[in-house]
Visitor: 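Quick one: structure below, then a few questions.
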Amino acid sequence: MTSIKIKMKDGCADLFPAKAHIDDAAYDLRAAADTTLAVGKSTLVPTGIFMEIPVGFEAQIRPRSGLALKHNLSLTNSPGTIDAGYRGEVGIIMFNPGPAPFEVHRGDRIAQMVIAKLAECELVAAEDLSETGRGAGGFGSSGTK
């Protein structure tokens, strides 16, 4: 099992990341301070969390489905990536499209964090690529039904 070291900001031990259910894929992240999310703005919400992620892993930060459904809130940088070399406080960039300001309170669950192992790969320059049935078809190329 891989261990991820978590250091909490003073006064934030109660905000330690946790899974709500043993079979959940993600750890809940909580707000470390009361914050107002203004309409049409992105706001950095602190979590009080500092991490030491091993090389070969990343932490992916994702929106919470309940906040999206009930309050139309999202994360501007989604999914966000926390790299192995980063040692600063984890901040969540939340976006409120409106219609009114939204109050985030200390301790509110604001995002989810998945720890992912990175595939070892090498990017190689090439003159040609193999053909596929899809080819260069992109956005909407598979139809609407």
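The structure presented is a predicted model; accordingly, all values stated were derived computationally and were not measured.
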Visitor: Suppose we screen for ring-ring contact (aromatic ring centres under 6.0 Å, His included). Which residues come up paired with His71, at least two apart in sequence or across chains?
Guide: Phe102

Visitor: So which atom in Leu75 and which in Ile110 form the shortest heavy-atom distance, rounded to 0.1 Å?
Guide: CD2-O, 4.2 Å

Visitor: Is Ile93 isolated, or which residues cluster with it under the ILVMFWY side-chain rule of less than 4.5 Å, directly or via members?
Guide: Leu44

Visitor: Closest heavy-atom contact between Pro63 and Ser78?
Guide: CD-OG, 3.1 Å

Visitor: Minimum heavy-atom separation for Pro17 to Met8, with atom names?
Guide: CD-SD, 4.3 Å

Visitor: Between Ala31 and Leu15, what is the shortest heavy-atom contact and its length?
Guide: O-CD1, 3.7 Å

Visitor: Asp108: what forms a salt bridge (Lys or Arg N to Asp or Glu O under 4.0 Å) with it, not counting sequence neighbours?
Guide: none

Visitor: More than 12 heavy atoms of other residues, nucleotides or ligands under 6.0 Å from CG of Asp10: yes or no?
Guide: no

Visitor: Between Thr47 (side chain) and Ile49 (backbone), is there a donor-acceptor pair under 3.5 Å?
Guide: yes

Visitor: Quick one: does Met94's side chain get under 4.5 Å of Leu67's, heavy atoms only?
Guide: yes

Visitor: Name all pairs fulfilling the side chain to side chain donor-acceptor pair (under 3.5 Å) condition that reach into residues 112-121, sequence neighbours left out, sorted by first residue then second.
Guide: none

Visitor: Check salt bridge (Lys or Arg N to Asp or Glu O under 4.0 Å) between Lys9 and all other residues, then give those that pass, not counting sequence neighbours.
Guide: Glu89

Visitor: List the residues meeting ring-ring contact (aromatic ring centres under 6.0 Å, His included) with Tyr27, not counting sequence neighbours, and say none if there are none.
Guide: none

Visitor: Return the minimal non-hydrogen interatomic distance between Thr43 and Ala38, and the atom names on each side.
Guide: OG1-N, 4.4 Å

Visitor: If the condition is side chain to side chain donor-acceptor pair (under 3.5 Å), which residues does Glu131 pass it with, not counting sequence neighbours?
Guide: none

Visitor: Walk me through whether Val104 and Leu73 qualify under side chain to side chain contact (heavy atoms under 4.5 Å, CB included).
Guide: CA-CA 11 Å; Val104 173; Leu73 299 176; 5.6 Å; no

Visitor: Mind jotting down which residue pairs meet the side chain to side chain donor-acceptor pair (under 3.5 Å) criterion with at least one end in residues 58-70? Sequence neighbours excluded, please.
Guide: Asp28-Arg64, Glu58-Gln60, Glu58-Thr81, Gln60-Arg62

Visitor: Looking at Pro97 and Val39, what are the two nearest heavy atoms and their distance?
Guide: O-CG1, 4.0 Å

Visitor: Checking side chain to side chain contact (heavy atoms under 4.5 Å, CB included) against Ser42, which of Asn96, Thr76, Asn77 comes through?
Guide: Thr76

Visitor: Restricting to side chain to side chain contact (heavy atoms under 4.5 Å, CB included), what partner residues turn up for Ala59, sequence neighbours left out?
Guide: Met51, Ile53, Ile82, Met113, Ile115

Visitor: Taking the side chain as C-beta and beyond, is there a heavy-atom pair between Pro54 and Thr2 under 4.5 Å?
Guide: yes

Visitor: Spell out, yes or no, whether Phe16 and Ile92 are grouped together once hydrophobic residues are joined by side-chain heavy atoms under 4.5 Å, including indirect joins.
Guide: yes

Visitor: Residues two or more places apart in sequence or in another chain: which of them pass salt bridge (Lys or Arg N to Asp or Glu O under 4.0 Å) with Arg106?
Guide: Asp14

Visitor: Going by the ring pair (Phe, Tyr, Trp, His ring centres under 6.0 Å) test, which pairs reach into residues 33-59, not counting sequence neighbours?
Guide: none

Visitor: What's the verdict on side chain to side chain contact (heavy atoms under 4.5 Å, CB included) for Ile61 and Leu29, showing C-alpha distance, side-chain angles and the deciding distance?
Guide: CA-CA 9 Å; Ile61 308 302; Leu29 300 182; 3.7 Å; yes

Visitor: By side chain to side chain contact (heavy atoms under 4.5 Å, CB included), which residues pair with Asp24, not counting sequence neighbours?
Guide: Lys19, Ala20, His21

